[in-house]
Amino acid sequence: MGYPLAGGELELACDLVSSRIAWLDLVVGPGDASSGPRVDTSEVAAGSEAGLDALDSWRERVDGGWARAYGHRQPPHVAATFVLGWYLDALAYPAAYAAAVGPWVLDVSPGAVVIEPHPTQGYPARVRLSATAGHQTVASQPVRLRRAEESYRRHAEPVAGSYAAPGVKMSSRQRLGMVDDLWHVATERAAAAAGSPLLARAGDGPRDWLRASCCFIYALPGASTCSTCPRRARATRSARRPLAP
């Protein structure tokens, strides 16, 4: 059973979560356009022109930043993947951390969240939560984590399922795989931040899990595949395949 948050409790939750995630500032309130780039998740989830324009602008800023940093633009699927991943991160990390480090289930449904990407680097530097959304206090940790995941997936899966970028072909396995992968990573890091063995799951060691989706970080100059990259599994299978007689 859950209860609505008491006065000031949402601000407390945001402060505690922000203190555990170095790159994210979680705050209460809608903010305004003068604070910089912003993505209204209700517009994105509705597939409106404003939502599509916000994602296009986000991808363009990311690719433009890479062009300045590396001297040339990257293939369009790279920025498209990063932006979808960061959108999902902006939902997954607040939900997972609040459920791990406190007694809270945050409402991250469309319209309850506004994302403010970093103006040059693109990652979700600030996430704003609606004070009037359905945030709850839930005493049971397993129930809390389950409800947090449900809140995340109700928003993340439809957005990822319909996500598209001009000139980019991205399979449903990649897009929906990102939903699973980023929740896995967020909950794993939240459990570490909370120091709670109750949140750890069997088979979650660094050698036990590979992503279903690819983040494409290896495509950036000087980068390499990450330790959980699905390309590593394919490479291992190829190396083990017996030679033809």
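Pairing each heavy atom of C226 with each of R211, the nearest pair is SG-CD, 4.4 Å. Listed here is the closest heavy atom pair of V105 and A148: CG1-N, 4.0 Å. P117 and G122 get closest at one heavy-atom pair: CB-O, 3.5 Å. Nearest heavy atom pair, residue V62 against residue A79, reads CG1-CB, 4.3 Å. Residues A212 and R173 come closest through the heavy atom pair O-NE, 4.1 Å. Between A90 and P124, the closest heavy-atom pair is CB-CB, 4.0 Å.
Both I21 and V28 sit in one connected hydrophobic cluster of ILVMFWY residues. Membership requires side-chain heavy atoms under 4.5 Å apart, directly or through other members. Residues L10 and V108 are members of one and the same hydrophobic cluster, defined by side-chain heavy-atom contacts under 4.5 angstrom among Ile, Leu, Val, Met, Phe, Trp and Tyr. Clustering ILVMFWY residues whenever any of their side-chain heavy atoms sit less than 4.5 angstrom apart, transitively, puts V83 in the very cluster that holds L24. A single hydrophobic cluster is not seen to contain both L16 and V138; linkage of ILVMFWY side chains at heavy-atom distances under 4.5 Å, directly or through other members, places them apart. With hydrophobic clusters built from ILVMFWY side chains whose heavy atoms lie under 4.5 angstrom apart, V159 shares a cluster with L88.
Not one N or O on the side chain of T187 forms a donor-acceptor pair closer than 3.5 Å with the backbone of A96. For the pair W209 (side chain) and T228 (backbone), a donor-acceptor distance under 3.5 Å is absent. Side-chain atoms of T41 come within 3.5 Å of backbone atoms of G111 as a donor-acceptor pair (strictly under, hydrogens ignored). Distance alone, capped at 3.5 Å, is enough to place a donor-acceptor pair between the R144 side chain and the G102 backbone. Put simply, the side chain of R175 gets close to the backbone of A160: a donor and an acceptor are under 3.5 Å apart.
Ring orientation note: the planes of H155 and Y87 are nearly perpendicular, at an angle over 60° on the 30°/60° scale. Note: F82 and W86 have perpendicular aromatic rings, judged against thresholds of 30 and 60 degrees for the angle between ring planes.
Here the straight-line distance linking atom CZ of R61 with atom CG of D56 works out to 10.5 Å at 0.5 Å rounding. To the nearest 0.5 Å, atom NE2 of residue H77 and atom CG of residue L84 are 13.5 Å apart. Distance check, rounded to the nearest 0.5 Å: CG of L5 to NE2 of H135 gives 7.5 Å. Atoms OH and CD, on Y3 and Q136 in that order, are 10.0 Å from each other to the nearest 0.5 Å. Considering CG of L210 and OG of S213, their distance stands at 11.0 Å, rounded to 0.5 Å. Here the CD atom belonging to E150 is positioned 10.0 Å from the CG atom belonging to L145, to the nearest 0.5 angstrom.
With contacts defined as side-chain heavy-atom distances shorter than 4.5 Å, the pair D107/S151 qualifies. Within the 4.5 Å cutoff, the side chain of L26 has no heavy atoms near those of the Y97 side chain. When side chains are defined from C-beta on, Y152 counts as touching L182, because their heavy atoms get closer than 4.5 Å. The closest side-chain heavy-atom distance from W183 to L91 is not below 4.5 Å. T81 places none of its side-chain heavy atoms less than 4.5 Å from the side chain of C214. At a threshold of 4.5 Å between non-hydrogen side-chain atoms, the residues P4 and E9 do not count as touching. Contact of the Q174 side chain with the F216 side chain is registered, since non-hydrogen atoms from C-beta on lie closer than 4.5 Å. Contact annotation: the side chain of V127 never approaches that of Y93 to less than 4.5 Å [non-hydrogen atoms, C-beta and beyond].
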### Task
I would like to know whether V78 and W66 meet side-chain contact (heavy atoms from CB on, under 4.5 Å); could you show each step before the answer?
CA-CA 11 Å; V78 183; W66 289 340; 3.6 Å; yes
### Query
Could you go step by step and tell me if H184 and D180 meet the side-chain contact (heavy atoms from CB on, under 4.5 Å) rule?
CA-CA 6 Å; H184 180 104; D180 295 338; over 6 Å; no
### Task
Dump the intermediate steps for side-chain contact (heavy atoms from CB on, under 4.5 Å) on C14 and V27, then the final yes or no.
CA-CA 6 Å; C14 288; V27 298; 5.7 Å; no
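The environment of CD1 in I217 is sparse: at most 12 heavy-atom neighbours from other residues, nucleotides or ligands sit within 6.0 Å. Counting non-hydrogen atoms of other residues, nucleotides and ligands closer than 6.0 Å to CZ of R73 gives a total above 12.
With sequence neighbours excluded, the residues forming a salt bridge (charged side-chain N to carboxylate O under 4.0 Å, His left out) with E116 are R38, R126, R128, listed by chain and number.
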